[in-house]
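Values below: every heavy atom of this structure, side chains too, minus hydrogens, waters and symmetry copies. Because the structure is a prediction, the values reported are computed rather than measured.
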Amino acid sequence: MACSIAVEELSAAELLLRAAAMVPTSHYLLAGLLLLVVFLYNFIECHLVGDLIRGCRGGPVSLTFDPASKIYEGVVSKCRILHGRYLATPWLASPHFQTAFLNFFGNPPVFNYRRQLFSVYDGGTIALDWLFPSDVAGGFTDTSRIIPKDDITPIVVVVPGLTSDSLSAYVKHFAHAIAKEGWNVVVSNHRGLAGISLTSDCFYNAGWTEDVREVVNYLHREYPKAPLFAVGTSIGANILVKYLGEDGENTPIAGAASICSPWDLVVCDRFITRKLVQRFYDRALTTGLKGYARLHQPILTRLANWEGIRKSRSVRDFDNHATCLVGKFETVDTYYRRCSSANYVGNVSVPLLCISALDDPVCTKEAIPWDECRANKNIVLATTAQGGHLAYFKGLTAHSLWWVGAVHEFLNVLHCSPFMHGQKKTLHPGLHSSLESSIDKSPYVNIMEDGMVAAMKNEGAGSSNTLDLPGDKINHDMKSENDSAVSDQREPITEACTDPVHEVFPSVEKAENESYSNIHDATAPMKRSINQLSRRFGTSIWLLAYIAITTSWPLVGTLLNIFRRKFKGSLPASLLRR
């Protein structure tokens with residue numbers, strides 16, 4: 001009786017505590033571990049359980065396109081990979097695992113690029129890293145090979161992502177796969193990357209299309225019979241789509257692909273700071289940008305706010321203290337809005353395949369311009385539920401990327417179809433027309449004391465240098481047939497203004513052009529020598545002419561006196577009095 005009264009006097013909370021104390025500690029540890037696993041499973045967005053429930057079949061590829069699109073009917077409908085399913089590598093069943101594995105490991109193939117230094121109109125230098133089919137075929141590699149002018153082998157131009165270059169794992173995966181199928185690949189590295197020093201006060205940014213435009217036009221002039229294709233990744237995809245939208249029909253690109261593009265930089269900026277896990281990516285990207293800035297600190301100290309760059313803790317901070325100041329943007333959001341490729345999707349006139357993962361931890365699906373892609377008959381948008389950022393690992397060994405095979409199949413089918421884009425010349429290409437470069441497009445390099453590489457003037461036809469980059473050797477023996485003739489080009493602004501006139505009035509100026517051509521051929525060697533002297537010593541042509549006149553005038557006067565005395569008897573008296 002006393003015991004029952006004591007129990008009744010205890011509160012419900014006290015009874016609950018006594019019951020909890022009777023549970024073994026091991027049960028609590030097991031429950032806590034289970035909760036931790038569930039939390040981490042959702043935190044890292046793992047989809048392993050879902051893959052197992054679906055029988056490890058993967059998720060289907062969703063295609064968005066205009067119902068009347070001939071690109072879909074004639075090209076994409078024949079692509080087996082794009083109509084299949086994608087299953088991620090089981091032990092990488094998370095967008096964060098895939099993205100991290102790609103950046104830290106990646107399993108890239110091993111091969112050597114051939115480097116060509118390309119100088120653009122403002123004096124900047126771009127590293128063009130070439131990969132030929134013979135470089136990945138095995139056996140003897142012809143390091144002296146030059147692409148013939150009339151070569152019809154397709155060329156694929158690759159535009160890497162932010163702070164990425166030709167040695168990035170995903171770029172090497174794609175370049176190797178394309179070259180293995182018999183196509184030529186050239187990676188157009190951004191300014192100041194791939195071991196190349198900055199040779200001008202211009203930096204690349206998320207919307208800088210001038211370099212891509214000039215590289216593409218240069219390749220089209222050099223190899224007019226070779227179909228040109230372009231593939232952009234991440235920020236490189238944003239740059240590529242923006243370039244295609246700016247030039248519209250007036251581009252020599254026959255077909256293109258955009259992989260994991262950010263599309264809308266304002267939306268991506270908000271997304272990357274929204275959750276804790278996204279902030280890790282923000283910090284990682286900032287670290288890469290600050291590393292890029294340290295390589296070029298002398299220039300950035302002069303053009304931007306170096307102290308602000310050094311203290312930047314986000315991509316937005318870096319853009320505020322560096323990109324906006326160098327690019328002359330009023331605010332960071334102004335820069336993001338003007339450079340977002342989503343604004344240019346409607347004007348793309350080239351067959352374009354866009355691939356995005358809905359679980360991309362960097363470029364959110366919220367930024368994808370679904371309606372704009374659907375309204376453009378030249379665009380097919382392929383989205384998958386998984387894939388991460390540029391990763392898309394597949395198979396148990398994760399030695400290949402799904403998007404590489406999908407893009408290769410798309411370009412191959414497009415190349416064999418009548419739907420490749422053909423350039424339509426316009427009278428006024430607009431503000432974004434590239435200017436001719438007056439700097440040698442020479443493949444020679446010079447290793448500076450700080451380890452960077454700067455363009456070196458072409459001093460001999462048979463000279464070449466080799467540069468070893470970390471991780472792989474890059475052969476710098478890619479020779480261009482116009483290396484010795486580039487200095488004969490006319491001034492960029494004059495050429496840009498006169499070319500359209502020549503197209504409109506060819507009959508009127510035919511005689512003038514022939515006479516000008518004869519004079520130009522006769523004076524070309526002298527102009528080439530003067531230009532070389534001017535570039536070598538950093539001195540203007542007028543200053544050189546002044547020095548030549550002042551130093552040679554006494555000799556000229558002496559010669560005149562000698563000839564005057566010699567011909568004194570034969571010359572008229574009026575001339576002698578002068």
Worksheet item: Rounded to the nearest 0.5 Å, what separation is found between the CG atom of L244 and the NE2 atom of H421?
Response: 9.0 Å
Answer yes or no: is there an ion pair linking [X] with [Y], defined by an N-O contact shorter than 4.0 Å?
X	Y	result
D129	R115	yes
R213	E210	yes
E45	K275	no

Got a sec, which residues hit side-chain contact (heavy atoms from CB on, under 4.5 Å) with [X], two or more places apart in sequence or on another chain?
X	answer
L87	D51, C56
S340	D264, L265, N343
A19	none
E409	C79, R80, I81, V413

Do the side chain of [X] and the main chain of [Y] share a donor and acceptor less than 3.5 angstrom apart?
X	Y	answer
N347	G245	yes
D269	R316	no
H190	P160	yes
D360	A357	no
D319	V332	no
Y41	V49	yes
N238	A206	yes
H296	G192	yes
K242	G207	yes
T89	W91	no

Practice prompt. Would you please name every residue forming a ring pair (Phe, Tyr, Trp, His ring centres under 6.0 Å) with Y170, sequence neighbours left out?
Written response: none
Fill in: For K311, salt bridge (Lys or Arg N to Asp or Glu O under 4.0 Å) partners two or more places apart
E307
Item to complete: State, without any angle test, whether S234 and H389 hold a side-chain donor-acceptor pair at a distance under 3.5 Å.
Response: yes
Looking only at non-hydrogen atoms, find the nearest pair between [X] and [Y] and report the distance.
X	Y	result
T99	P95	OG1-O, 2.7 Å
L228	P252	CB-O, 4.0 Å
W402	R85	NE1-O, 4.3 Å
G74	F419	CA-CE1, 3.6 Å
S188	I126	OG-CG2, 4.0 Å
F97	L92	O-CD2, 3.9 Å

Discussion item. side-chain contact (heavy atoms from CB on, under 4.5 Å) for T286 and D317? Distances and angles first, verdict last.
Written reply: CA-CA 9 Å; T286 305; D317 289 343; over 6 Å; no
Discussion item. Is the distance between the ring centroids of F111 and Y113 under 6.0 Å?
Written reply: yes
Worksheet item: For the residue pair W208 and F203, is the inter-centroid distance of their aromatic rings smaller than 6.0 Å?
Response: no
Discussion item. Checking N412 against W183 for the side-chain contact (heavy atoms from CB on, under 4.5 Å) test, could you report, in this order, the C-alpha distance in whole Å, the side-chain angles of both residues, the deciding distance, and whether it holds?
Written reply: CA-CA 10 Å; N412 193 34; W183 290 18; 4.0 Å; yes
Worksheet item: Only one of V350, N217, V348 forms a side-chain contact (heavy atoms from CB on, under 4.5 Å) with T251, so which one is it?
Response: V350
Worksheet entry | R270 and its side-chain contact (heavy atoms from CB on, under 4.5 Å) partner, picked from V266, V267, I272 | V266
Worksheet item: Is it the case that K290 places NZ or CZ above or below the six-membered ring of F318, under 6.0 angstrom from the centre and within 45 degrees of the axis?
Response: no
Worksheet entry | Name of the residue among F410, F174, F393 meeting ring pair (Phe, Tyr, Trp, His ring centres under 6.0 Å) with W403 | F174
Worksheet item: Is there side-chain contact between N184 and D151, with at least one heavy-atom pair below 4.5 Å?
Response: yes
